[in-house]
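Here the structure is laid out as structure tokens; the discussion comes afterwards.
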Amino acid sequence: MPRAFAAITFTDSVKAAQTRYHSREGNLGFELAEDSRSEITPREAEFIAARDSFYMATVNENGWPYVQHRGGPAGFLKVLDEHTLGFADFRGNVQYLSVGNLHANDKISIILMDYPNRRRLKIWGRVRIVHEIDDPALIAALESPAYRARIERAMVITVEAWDWNCPQHITPRYTDADIEQLIAPLQSELAALRAKPQAAAPLERLGSGELELVISGVRQLTPQVRAYELRHPAGEDLPPVTAGAHLQVPVQLPNGQQSVRNYSIASNPARRDIYEIAVLRQDDGTGGSAFVHQYYQLGMTLHCSMPKNDFALNESAAPVLLIAGGIGITPIKAMAQQLKAQGRRFELHYAARSRREMAYGDRLQRDLAGQIRVYFSAEGARLNLPQLLSQMADTTEVYVCGPSGLIDAVTNTAAQLQIDPMHIHFERFAAAAHGENRPFEVLLRRSQRVIPIAADQTVLAAVQAAGVDTLSDCGVGNCGTCAVKVLAGEVEHRDHALNANERERAGLMCICVSRAKSARLELDL
């Protein structure tokens, strides 16, 4: 079954042109697709309902096309059913070119645009012109009560085909309402700052780590992601890092407690003059990212821990498949740059919600042309993991970073395809969800202290709050730094750092994420 639009538009002359210019083979997929795309789905209906204008093409008796812009209140083009659209034909100029054309030739093509998100929907159909005297109920159904323009007639479109088109060369454009929505959080933040009796003095120094860094640059990558460029205060070279490394930076939590957060070093590992981190602001988080966005500023000095790498590339000649989702691009970007510099074979697949939320997108698509593919869920494009993983070579090394859902999907798909798990490498930015947490308690063998662990609290946080000095780094079960020996009790392991031998024979537990199945754990602390 071909795509309906291909059956309509791929005429003999079009196919001849495709053959001449070597695109015939690439376009055959439209003629062999299973989905004809001739029925309006909820996705298209939602898109249509949000539009306040469209472009409409008709053809007159002499074969000349005419394109007209039609506008009205948002949703004036209505989905009557899965095969039918309709709109009230408001009085405008009185040339009646489109109406006259449709009386002679009922075929129509319309294009609906979403400029901010660079989306475009094309629809082909046949038009029936309806006057109020013939069907007053239809006219009433297409009327917009808040829009009092005069309705002269209705146009009812029987949809024969639709297709989403490539967003290339669609320049984002924003209405006043779009801009107001984009700046609303900033306006709220500004109002809150103005309401304060006196602004707090800006922080000049923070942290107690051995590596002193100065914020030398700040860039807004997306509405919620901000990049921070860090340099040595005297302009000296920074400690060398490899792709996948992270930096632990100081923050201050809403309760005033000093803490740290780990962020991947996104800058090119070949550079020794800067580290760059990119921080996604999460207002529903624990406060670390919100603090960074609010208080990190040019000239501020940070005392950080030395960089570490729990997500390093294997040193081999094997091909590499890089998969990133959202802010997970930060370590993956550095990997792509390191692999390119080494001349190794790789490809990068980058999924984001939309182009506006794609950190480093323009730079990566420019620098990695032919080696990167992007997917935007807002445009209906999603990673086909079974296809992607099944087509890779047996020796390919896979590196994935992003939301837990993406990581789980990659590991589960790899398991279904019987791919050696040693070839799948990942890093999480947050602990994976494991259902409902239960409270329990831990007994510290060395001090004989019993510490209760609340359902919303980690063992690491509880013992540190009790004044127990214990090592930790990533906080999400990636590195194994916080691992301690379990002397009694049953553990629910939630980390991704310890292997079976370390868990079962050595009896280790990562207390940053793992919990107890039993009512009590006894730890060697």
Side-chain angles (χ1 to χ4, degrees), residues 3-5 7-9 11 36-115 119-165 170 173 175-178:
R3 290 275 163 85
F5 90 88
I8 291 172
T9 61
T11 61
S36 67
R37 294 192 177 182
S38 58
E39 295 183 354
I40 299 296
T41 74
R43 177 179 168 225
E44 288 74 50
E46 180 181 7
F47 181 83
I48 292 168
R51 309 276 70 78
D52 60 5
S53 68
F54 56 85
Y55 300 93
M56 181 173 78
T58 58
V59 178
N60 68 15
E61 297 98 315
N62 301 321
W64 285 100
Y66 176 63
V67 178
Q68 186 178 45
H69 178 267
R70 285 298 178 96
F76 80 99
L77 177 63
K78 301 182 185 299
V79 177
L80 302 180
D81 59 46
E82 59 191 14
H83 296 287
T84 314
L85 307 178
F87 66 94
D89 191 15
F90 302 116
R91 181 176 178 84
N93 63 57
V94 290
Q95 294 176 335
Y96 301 111
L97 296 180
S98 297
V99 174
N101 289 349
L102 290 168
H103 275 300
N105 184 341
D106 67 351
K107 295 176 182 176
I108 194 174
S109 177
I110 63 177
I111 298 179
L112 298 99
M113 302 294 300
D114 175 6
Y115 286 105
R119 294 193 295 170
R120 173 174 54 187
L121 177 64
K122 288 184 179 179
I123 299 175
W124 290 262
R126 293 179 180 270
V127 177
R128 176 169 55 94
I129 296 175
V130 180
H131 297 88
E132 184 173 19
I133 192 172
D134 299 320
D135 195 341
L138 174 64
I139 299 295
L142 296 177
E143 190 175 21
S144 298
Y147 191 66
R148 302 313 307 166
R150 177 183 169 190
I151 300 175
E152 291 195 326
R153 67 197 62 79
M155 293 194 183
V156 179
I157 304 170
T158 300
V159 175
E160 296 202 359
W162 57 264
D163 190 46
W164 293 94
N165 285 123
I170 299 177
R173 295 182 175 90
T175 65
D176 290 344
D178 293 329

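No experiment lies behind these values; they were computed from the predicted model shown. Quick note: residue numbers are just sequence positions, from 1.
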Check: More than 12 heavy atoms of other residues, nucleotides or ligands under 6.0 Å from NZ of Lys78: is that the case?
Finding: yes
Check: Just wondering, are more than 12 heavy atoms of other shown residues or ligands nearer than 6.0 Å to CD in Glu160?
Finding: yes
Margin query: For Thr58 versus Ser98, what's the shortest heavy-atom pair and its separation?
Written below: OG1-CA, 4.0 Å
Margin query: Using salt bridge (charged side-chain N to carboxylate O under 4.0 Å, His left out), reason through Arg126 and Asp106 one step at a time and then give a plain yes or no.
Written below: CA-CA 5 Å; Arg126 293 179 180 270; Asp106 67 351; 2.9 Å; yes
Note to self: Measuring from atom CG of Asp81 to atom OG1 of Thr158, what distance do you get when rounded to the nearest 0.5 angstrom?
What the structure shows: 8.5 Å
Check: Are the side chains of Gln68 and Leu97 in touch, meaning some heavy atoms are under 4.5 Å apart?
Finding: no
Item checked: Distance-minimising heavy-atom pair for Ala45 and Ile40 -> N-CG2, 3.8 Å
Next item on the list: Evaluate the side chain to side chain contact (heavy atoms under 4.5 Å, CB included) criterion for residues Glu132 and Ile151: first the C-alpha distance (whole Å), next the side-chain angles of each, then the deciding distance (0.1 Å), finally the verdict.
Entry: CA-CA 9 Å; Glu132 184 173 19; Ile151 300 175; over 6 Å; no
Check: Quick one: do Asp89 and Arg153 make a salt bridge, cutoff under 4.0 Å?
Finding: yes
Notebook entry, point to check: Under the side chain to side chain contact (heavy atoms under 4.5 Å, CB included) criterion, do Met155 and Val99 qualify, and how do the steps go?
Noted result: CA-CA 9 Å; Met155 293 194 183; Val99 174; 3.6 Å; yes
Note to self: Checking side chain to side chain contact (heavy atoms under 4.5 Å, CB included) between Leu85 and each of Leu80, Ile48, Val156, Val127, which is the one that passes?
What the structure shows: Ile48
Next item on the list: Specify the closest pair of heavy atoms between Phe90 and Gly71, including all atoms of both residues, with the distance to one decimal.
Entry: CD1-O, 4.1 Å
Checklist line | Heavy-atom closest contact (His131 atom, Glu152 atom, distance) | finding: CD2-O, 4.2 Å
Notebook entry, point to check: If you look at every heavy atom in Ile157 and Gly125, which pair is closest and at what distance?
Noted result: CG2-CA, 4.1 Å
Notebook entry, point to check: Between Phe76 and Phe87, how do the two ring planes meet: parallel, tilted or perpendicular, split at 30° and 60°?
Noted result: perpendicular
Notebook entry, point to check: Between atom CH2 of Trp162 and atom OG of Ser36, what is the distance when rounded to the nearest 0.5 Å?
Noted result: 8.5 Å
Notebook entry, point to check: What pair of heavy atoms forms the shortest contact from Arg51 to Phe47, and how long is it?
Noted result: NH1-O, 3.0 Å
Note to self: Glu44 vs Trp164, test: side chain to side chain contact (heavy atoms under 4.5 Å, CB included). Steps then yes/no.
What the structure shows: CA-CA 9 Å; Glu44 288 74 50; Trp164 293 94; 2.9 Å; yes
Next item on the list: To the nearest 0.5 Å, tell me how far Arg3 CZ sits from Thr9 OG1.
Entry: 12.0 Å
Margin query: Quick check for you: to the nearest 0.5 Å, what is the distance between Leu102 atom CG and Asn60 atom CG?
Written below: 11.0 Å
Next item on the list: Measure the CZ-OH distance between Arg120 and Tyr55 for me, rounded to the nearest 0.5 Å.
Entry: 11.0 Å
Notebook entry, point to check: What is the distance from atom CZ of Arg128 to atom CG of Asp135, rounded to the nearest 0.5 Å?
Noted result: 7.0 Å
Margin query: With a 3.5 Å distance limit and no angle check, can you tell me whether Asn62 reaches the backbone of Trp64 through a side-chain donor-acceptor pair?
Written below: no
Check: Under a 4.5 Å cut-off applied to non-hydrogen side-chain atoms, are Val59 and Lys107 in contact?
Finding: no
Note to self: Test side chain to side chain contact (heavy atoms under 4.5 Å, CB included) on Ile123 and Phe54; report intermediate values, then the result.
What the structure shows: CA-CA 11 Å; Ile123 299 175; Phe54 56 85; over 6 Å; no
Notebook entry, point to check: Between Arg173 and Asp178, is the closest basic N to carboxylate O distance under 4.0 Å?
Noted result: no
